[in-house]
Amino acid sequence: MFMLTKSFFQRVWFAMATAVLLLPPTNTQAAVPEAYRKAWSDPALVAAIENRIEQYRKQEAHLELLDGQGRAIPNATVEIQQKTHAFLFGCNAFVLGQMGEKNAKYEQMFARLFNFATVPFYWEATEPTQGELRYQEGCRDIWRRPPPDRYLPFAKHYGITLKGHPLLWHALNPPWIPKDPEELKKLYQKRFSEIAERYADSILIWDVVNESLVCTKEYPLYSPERDYVAWAFQEAQRVFRPENILMINEVQSVSHAGVGEKNAYFRQVRRLLDQGVQVEGIGFQFHFFTGPVLKEHLDGKIYLPDHMMKVYESFCQFGLPLYITEITIPTTVEDGLEVQAEVLRNLYRLWFSVPRMAGITYWNLADGTAYKGENEALAGLVDKNLDPKPSYLALERLIHHEWKTRLSAASDQNGKVTFRGFRGKYAVRVKAGDVERSFEIELPAEGPRSEHRLQVK
């Protein structure tokens, strides 16, 4: 257990409260059933979430301030401000560069909130006709399918981590793929190799197989046991780099159905790992594509918080990073804008508290940018003009205010400052007498504590 002082909590509370006051207020009186609000405000649940966020999302940091002779500097003033998150908060960026005169605003609204972007690698768009590879700028335009090269300068400019989605899926394939399984496998080997050669060093994370447990029998590689999943991971492992994270991803109707061995997705992951298949990340989708489905959630019929927590806890035993990979929360219910904000705040707090959770990805940033009929849900975090909805502001409040550490402290007689903060990169400004120095430190994603020796003068 970490010992935290009263003064520490007072400093953190003051910094957080001051930051939150700078944001515009949101309406918290959304038209949600009382049972929903009661379930999510249950004291035991709230305490569990807060305790887990404190335990799993933060790290203790020790700063030691030294002069040029290695002597401790007592009573120095230290300003500590978190700049980035180690945790990945993301969205798909499927319309990057396709918003016309709003392109710059789209990038700004994306980067203001997120540090993680999903890049489209659907085969029907990367190779619409055989041999027509759409990887670089200048290829023919396809809506929601920009060439992947476009994402590299975007990510570098804003410091965004990229994820490729997907390498293999039974859907959204080009019409020319063969029906013969062995011929199709040869083409997948070619596809994996050319993608890895071009992007393995710039796109860190990959959905290797998508939605295999709802694969249709018409797909040439289908079998009741989904043997193609192990094959795909083995092929991807052969051509991608050790630092790449190779993931599996599944729809929520399967991934959230049952706990432990009662969950088909759990059994699939366990079987793959038992076979020596190197699955390196586990993805869970979470889409409510219509108002009526969201209403079922609000009425307590589906995806109750206690059940969700148990599902994720069961997957934590694999010791792999978990990701919420795709999220859609519509606004087509009564008080839809406020309901969306309240639901997302509750969900993000729960997900952020899960021990092995490494990232959370909303699906479509803006209204009108979803896939075909999904636009009817009006599920964007911003409207068609890219102006923020209450949900965007609610997530901004969580990600960049409640979940970022800012504090002031003074070094003790041994020149030391100890604090507990959210994992990520920090700017540290030290003032000792007439000397003022700035440093950058990092509280990494793993480990109980970090040590930093700062030579101030």
Side-chain angles (χ1 to χ4, degrees), residues 90-107 109-111 114 116-158 160 162-178 184 187-188 190-200 202-203 205-211 216 219 249 285 287 289 325-328 361-382 384 386:
C91 190
N92 83 50
F94 287 178
V95 295
L96 183 69
Q98 295 184 326
M99 298 296 287
E101 62 183 14
K102 296 194 287 281
N103 279 338
K105 187 174 181 180
Y106 177 85
E107 289 192 19
M109 294 302 289
F110 193 105
F114 301 120
F116 189 34
T118 300
V119 180
F121 275 87
Y122 301 96
W123 198 358
E124 69 170 6
T126 58
E127 194 174 5
T129 61
Q130 193 165 11
E132 180 195 2
L133 300 179
R134 291 186 64 259
Y135 296 135
Q136 62 187 21
E137 290 285 10
C139 64
R140 63 180 168 118
D141 186 61
I142 299 177
W143 174 243
R144 296 184 83 248
R145 303 292 185 259
D149 279 8
R150 180 175 300 172
Y151 293 86
L152 307 188
F154 166 72
K156 183 177 181 180
H157 179 74
Y158 291 105
I160 289 173
L162 298 177
K163 182 180 87 163
H165 171 82
L167 293 178
L168 185 152
W169 188 23
H170 63 274
L172 299 189
N173 291 310
W176 53 263
I177 64 170
L184 181 54
L187 291 174
Y188 272 121
K190 173 181 176 293
R191 169 173 160 82
F192 289 8
S193 294
E194 66 195 16
I195 290 175
E197 182 179 359
R198 193 176 186 103
Y199 297 110
S202 52
I203 299 181
I205 305 174
W206 294 88
D207 285 328
V208 176
V209 177
N210 191 42
E211 301 181 2
T216 59
Y219 179 58
N249 191 40
Q285 298 179 18
H287 293 293
F289 287 123
T325 55
E326 306 175 26
I327 306 162
T328 299
T361 296
Y362 201 76
W363 202 228
N364 296 291
L365 175 60
D367 286 345
T369 64
Y371 180 73
K372 294 183 178 179
E374 296 171 12
N375 281 310
E376 297 174 2
L378 297 176
L381 302 176
V382 300
K384 288 186 177 182
L386 306 185

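FYI, the numbering just counts along the sequence from 1. As the structure is a computational prediction, the values presented were derived from the model and not from experiment. Any value given below was found using the heavy atoms of this structure, including those in side chains, with hydrogens, waters and symmetry copies removed.
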So does E194 pair up with R198, basic N to acidic O under 4.0 Å?
no
Rounded distance (nearest 0.5 Å) linking atom CG of L381 with atom CE of M109
9.0 Å
Would you please test N364 and N92 for side chain to side chain donor-acceptor pair (under 3.5 Å) and show each step?
CA-CA 6 Å; N364 296 291; N92 83 50; 3.2 Å; yes
Kindly indicate, with the supporting measurements, whether the criterion side chain to side chain contact (heavy atoms under 4.5 Å, CB included) is fulfilled by T369 and Y106.
CA-CA 11 Å; T369 64; Y106 177 85; 5.5 Å; no
Flag side-chain contact, heavy atom, 4.5 Å: R145 against R134:
yes
Look up atom CD in E132 and atom SG in C139, then write down how far apart they are to the nearest 0.5 Å.
8.0 Å
Tightest non-hydrogen contact, residues Q98 and D141, listed as NE2-OD1, 3.0 Å
Pairing residues for E197 by the side-chain contact (heavy atoms from CB on, under 4.5 Å) criterion, not counting sequence neighbours:
none
State, to 0.1 Å, how close L187 and P178 come at their nearest heavy-atom pair, and which atoms those are.
CD1-CD, 3.4 Å
Could you check K163 against T361 for side chain to side chain contact (heavy atoms under 4.5 Å, CB included), going step by step and ending with a plain yes or no?
CA-CA 10 Å; K163 182 180 87 163; T361 296; 5.5 Å; no
Under the rule for ring pair (Phe, Tyr, Trp, His ring centres under 6.0 Å), what residues qualify as partners of F110, not counting sequence neighbours?
F114, F154
Could you check whether any side-chain heavy atom of N210 comes within less than 4.5 Å of a side-chain heavy atom of Q285, counting everything from C-beta outward?
yes
Can the ring centroids of Y371 and W363 be said to lie less than 6.0 angstrom from one another?
no
With a 3.5 Å distance limit and no angle check, can you tell me whether E374 reaches the backbone of F289 through a side-chain donor-acceptor pair?
no
CD1-OH distance between I195 and Y188, expressed to the nearest 0.5 angstrom:
10.5 Å
What's the shortest heavy-atom distance between A370 and N375, and which atoms?
N-OD1, 2.8 Å
Which pair of non-hydrogen atoms, one from A93 and one from A117, has the smallest distance, and what is that distance?
CB-CB, 4.2 Å
Going by atom type alone, with no hydrogens or angles, which donor-acceptor pairs under 3.5 Å involve a side-chain atom of residues 165-173 and a protein atom two or more places apart or on another chain?
| from | atom 1 | to | atom 2 | distance (Å) |
| --- | --- | --- | --- | --- |
| H165 | ND1 | D207 | OD2 | 2.7 |
| H165 | NE2 | Y122 | OH | 3.2 |
| W169 | NE1 | E211 | OE1 | 3.2 |
| N173 | ND2 | W169 | O | 2.8 |
| N173 | ND2 | H170 | O | 3.4 |

Can you confirm whether more than 12 heavy atoms, excluding those of E137, are under 6.0 Å from its CD atom?
yes
If we check ring pair (Phe, Tyr, Trp, His ring centres under 6.0 Å) with Y199, which of these qualifies: F192, Y151, F121?
F121
Shortest non-hydrogen contact from L386 toward A366
CD2-CB, 3.5 Å
How long is the straight-line distance from CD1 of I205 back to CZ of F116, given to the nearest 0.5 Å?
4.0 Å
CZ of R191 to CG of L133, rounded to nearest 0.5 Å, is 10.0 Å
Any donor and acceptor pair, going by atom type alone, linking the side chain of E124 with main-chain N or O of P128 inside 3.5 Å?
no
Could you state the interatomic distance from CD (E107) to CG (L365), rounded to the nearest 0.5 Å?
11.5 Å
Note: A379 and D367 closest approach over all heavy atoms is N-OD1, 3.5 Å
Would you say the side chain of T118 lies within less than 4.5 Å of the side chain of E326, judging by non-hydrogen atoms?
no
Measure the shortest side-chain to side-chain distance between R144 and P120 over non-hydrogen atoms and say whether it is less than 4.5 angstrom.
no
